Q: 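I'd like to ask some things about the structure below.
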2 protein chains.
Amino acid sequence: MPDSSAETPHVLIVGGGFAGLNAARSLDGAPVRVTLLDRENYHLFQPLLYQVATAALNASDIAVPLRAILRKQKNVSVVLGEARCVDLDEKAVHSGVGALSYDYLILATGATHSYFGNDSWASSAPGLKTIEDALDIRKRILLAYEAAELEPDMDVCREWLTFAVVGGGPTGVELAGALAEIGKHTLANDFRRIDPTQVRVLLVEGNDRILNAYPEKLSEKATQHLEKLGVEVLTGSYATSLTDDCLQVGDRIIHARTLLWAAGVKASPISETLGVPLDRAGRVTVEPDLSLASHPEVFIAGDLAHIEGADGPVPGVARAAIQAGVHAAKSIVARLEQKPSHPFVYRDKGSMATIGRAAAVARIGNWNVHGWLAWVMWLFVHVIFLVGFRNRFQVMMGWAWSYITFQRGARLITGHKPDLHSNASEAATPIPVS
Amino acid sequence: MPDSSAETPHVLIVGGGFAGLNAARSLDGAPVRVTLLDRENYHLFQPLLYQVATAALNASDIAVPLRAILRKQKNVSVVLGEARCVDLDEKAVHSGVGALSYDYLILATGATHSYFGNDSWASSAPGLKTIEDALDIRKRILLAYEAAELEPDMDVCREWLTFAVVGGGPTGVELAGALAEIGKHTLANDFRRIDPTQVRVLLVEGNDRILNAYPEKLSEKATQHLEKLGVEVLTGSYATSLTDDCLQVGDRIIHARTLLWAAGVKASPISETLGVPLDRAGRVTVEPDLSLASHPEVFIAGDLAHIEGADGPVPGVARAAIQAGVHAAKSIVARLEQKPSHPFVYRDKGSMATIGRAAAVARIGNWNVHGWLAWVMWLFVHVIFLVGFRNRFQVMMGWAWSYITFQRGARLITGHKPDLHSNASEAATPIPVS
């Protein structure tokens, strides 16, 4: 009905993550036209991204096309394109596919890695935010073992079998645990010259404990579980220098050829184009109802927003983003109905992080739990919140298979591969084969 | 046992495809040290690669790490590296990871695309041989619909919704059938401006019939099945010119923005480094036992070999490669035992190609079958020959889900994405959103 579309208010949502997707879904049946703009064609279930990076799951197990999710919601159009800047006065978002004007805007472009001013570290220690990041990390991990197998110099071989993760939040803990398991179990018998079970994994955290957003007891338990897996946990240690094969942490020098970054996030750069107050991490300071003080038709949701809750800032977790996306959508509907909008209240249902096979830590309200029970709860919650029946089923099957066999189902090295051998040009040198 | 290794003959296998992998497996328990060199870390089940390209399967559903397959066969070392040339006199293969010497060599590096001298066509019309090829083609197909949705010019939109496949062998037939189904079923309700069911798919074949290695009746049936899906089958038509958005076939000009190449293969270029007689496609002419006349310690197996059988050259199919790999391995064992080697005899058990949902053609011996029964046989045979329980299970589940829902489970656009909108620089132009 092209005639009515001129009058129907247009809600533009930028970002198809937890906040943006749930905002779009909440507008089902509302008297608005919705456009969802994302630079990817899928919604990504980020909490399981580390499992793609560590070869346990396929990319498509945790990513569902936005068009498929929103197929039946006829008031939503999905546009594939990258937002570049927001013109608040013109009420338009400029993107790689042209300008999109709006009556209401929900900006939910999320966060990216922060190297705290050391941007040159990014190529040596990649972070984990996108599918491409995960596939790159997977390639680095698997290639490290291949390089070690071919390396005649025992010191260099040792460096290839040393992995360091910077940042002891949930992602860092999950990566470190999985890295240890890959060497100890998955690859244990796959090589002929090296012994993958001799893998060394270090987890480096600046605070005095890992998982410092969790109760202290769970930090302790997580440390114990990690150490049982053979992970060396270094707390109170900040990275001061970082190259492709060396990490300096205080006075300590760690020779490791695979470095992963899980230490910091900052808001996606589009926040800078708004010309409104931002916090230190580039997040947009919002009104209690998530709108901008200067532009009440604009809402910020998810990791891009700095929201002051009763117990301090709302954390950058999936559950908070979902709630904020829904709240922004409801606020728009309230405006259209000339009703007042309500302040956003984050309902914290708890948090959980997995450490490895049959080990996790979880806080549910004031209840702390760890070990096997926490791990089962973690499995359960993550499968429930995955979008799409097929994904739930595939992920459950993948996990069951991994649990029984100790294997990982997605051990492919794809994309460009560098030559592994340092003396590749001297092709006359025979390589050591057993 | 490093002492014995100096005496134990070293068999070097180059290529972990059907021929190389099965050669390695056949040497289980033989008194040899085996090294398997491959540029990828996985064995790829190529007959299902078009299903990755058309978003029905994940890459890891059809690719299994070589190390995992050969884990228990302790006389095999797997080396990740790309072979560059063979020095027959020195008995060494030079690779990206150094030189590997051998006592016996099995060369099984397979085939790549041939553009019959028009190598500039490769970027406009990619072929399908590797996982990377498949992911690139998947991206092109999915992005074509995204571009059509955003395109204001109806003629250009039409070009985005036109797909042409050059080459009417099994791969071309399978791609064309899947392309039609993606528009007619998978994406039918996912867009708001375009109607994906209006997709146009052309299959261009130079011979007077598609599937010309099959009995004539099956070619006819395949054409009928394809036409029922809406595919336009053009036979007796050679591509004479090809650009990013235009294909010339005889006098006919086809405006299509997605072109796929399934027309020709040639041997992988390492054959040229041997300095022995090659056929027109670069394949190595071998002795009846698959060895080289000038170097009896060297065997060629799979698509790299030109093998004259009783009924003409042995075809470049998986079953022939498996048999040749096993034969080469057995010939080496016979040599070691001072027994004579036997000539290779290809046992042709038949061939089959799938056209789409519940439609395939198959020849089993002299029995020709098509339609639903052939399709069920096709499913059955392909699952049986997949390596690894997990893959079989995942593929069966993926197919069952696709069959019930008409959906495809791997619809992710990954890697670098170009900007879709032709006027992206003129960001002031509003893009058409419904």
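Quick note on labels: first sequence line is chain A, next is B, and so on, each numbered from 1. If you're wondering where the values come from, they're calculated on a predicted model, not measured in any experiment.
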Q: Do other residues, nucleotides or ligands put more than 12 heavy atoms under 6.0 Å from the CZ atom of B:Arg140?
A: yes

Q: Does some side-chain heavy atom of B:Ile413 sit less than 4.5 Å from a side-chain heavy atom of A:Glu40?
A: no

Q: Applying side chain to side chain contact (heavy atoms under 4.5 Å, CB included) to B:Asn58 and A:Gln394, what does each step give before you reach the verdict?
A: CA-CA 11 Å; B:Asn58 287 306; A:Gln394 294 261 87; 4.0 Å; yes

Q: If you round to the nearest 0.5 Å, how far is CZ of B:Arg411 from CG of A:Asn41?
A: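 Between A:Asn41 CG and B:Arg411 CZ, I get 7.0 Å after rounding to 0.5 Å.
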
Q: So what's closer than 4.5 Å to chain A heavy atoms on B:Asp61: side chain, backbone, both or neither?
A: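 The side chain, not the backbone.
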
Q: Relative to chain A, which segment of B:Leu70 carries a heavy atom at a distance below 4.5 Å: side chain, backbone, both, or neither?
A: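 Backbone of B:Leu70 only, per the 4.5 Å heavy-atom cut-off to chain A.
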
Q: At a 4.5 Å cut-off on heavy atoms, which part of B:Thr130 comes close to chain A: side chain, backbone, both, or neither?
A: neither

Q: Select one option (side chain, backbone, both, neither) describing which atoms of B:Leu412 are under 4.5 Å from chain A's heavy atoms.
A: both

Q: Heavy atoms, side chains only, cut-off 4.5 Å: are A:Glu149 and B:Arg67 in contact?
A: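 In short, these two side chains touch, coming nearer than 4.5 Å.
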
Q: Are there more than 12 heavy atoms of other residues, nucleotides or ligands under 6.0 Å from atom CD of A:Glu90?
A: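 No - once you tally the heavy atoms of other residues, nucleotides and ligands closer than 6.0 Å, there are 12 at most.
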
Q: For the residue pair A:Leu143 and B:Leu80, establish whether any side-chain heavy-atom pair is separated by less than 4.5 Å.
A: yes

Q: I need the B:Arg71 CZ to A:Gln407 CD distance, nearest 0.5 Å.
A: 4.0 Å

Q: From A:Ser60 OG over to B:Arg408 CZ, what is the distance, rounded to the nearest 0.5 angstrom?
A: 13.5 Å

Q: Relative to chain B, which of A:Asn189, A:Asp87, A:Leu187 shows the most heavy atom pairs under 4.5 Å?
A: A:Asn189

